[in-house]
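Hydrogens, waters and symmetry mates play no part in the numbers below; they use all other heavy atoms, side chains included.
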Amino acid sequence: ALLAKERAALVRLGWFTTALVSAPWVTYRWTRRTVCVRAYEVYGTAMLATESGRATCAGMFAIVTVNVVLLAYVAFALSLDRGDSEKKED
């Protein structure tokens with residue numbers, strides 16, 4: 001049987017794994033349909049004139065989203081670790 005602390009860690013890992021999969025996918029779909037099209041209308045960048053150019057643009061946004069989720073996970077894990085070490089010192 002898993003201890004409550006281990007179970008909570010697995011649940012958090014599950015949430016971050018779900019975010020790591022879903023957030024970039026949603027970002028890709030949304031930016032491809034809206035942001036990249038609007039950027040082409042405003043700036044007229046030749047790269048965004050084609051569908052493959054918009055896919056590249058949306059892919060870059062998705063990559064940024066992956067990095068944001070990973071940074072959030074690391075920051076969250078470090079904050080939990082800091083909290084555990086403070087409890088041990090007491």
Participant: When rounded to the nearest 0.5 angstrom, what is the spacing between CD1 in Ile63 and OG1 in Thr27?
Facilitator: 11.5 Å
Participant: With a cut-off of 6.0 Å (strictly less than), are more than 12 heavy atoms of other residues, nucleotides or ligands near CZ of Arg12?
Facilitator: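 Yes, the 6.0 Å shell around CZ holds more than 12 heavy atoms from other groups.
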Participant: With clusters defined by side-chain heavy atoms of hydrophobic residues (ILVMFWY) lying less than 4.5 Å apart, directly or transitively, does Val68 cluster with Val74?
Facilitator: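 No, no single cluster joins them.
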Participant: Contact between Glu6 and Leu10 at the side-chain level, heavy atoms closer than 4.5 Å - yes or no?
Facilitator: no
Participant: Roughly how far, to the nearest 0.5 Å, is CZ of Arg33 from OH of Tyr28?
Facilitator: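 The distance works out to 10.5 Å.
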Participant: Do Val21 and Trp25 sit in the same hydrophobic cluster, where Ile, Leu, Val, Met, Phe, Trp and Tyr count as joined when their side-chain heavy atoms come under 4.5 Å apart?
Facilitator: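 No; Trp25 is not reachable from Val21 via cluster members.
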Participant: Looking at every heavy atom in both Ala62 and Pro24, which two are closest together, and how far apart are they?
Facilitator: CB-O, 3.7 Å
Participant: Restricting to non-hydrogen atoms, name the atom on Arg54 and the atom on Ala49 that form the minimum distance, rounded to 0.1 Å.
Facilitator: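 Here Arg54 and Ala49 meet closest at NH2-O, 4.0 Å.
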Participant: Kindly give the cluster partners of Met60, where membership spreads through any ILVMFWY side chain lying under 4.5 Å from a current member.
Facilitator: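 Met60 clusters with Tyr40, Met47, Leu48.
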Participant: Under the ring pair (Phe, Tyr, Trp, His ring centres under 6.0 Å) test, which residues partner Phe16, sequence neighbours left out?
Facilitator: Tyr73, Phe76
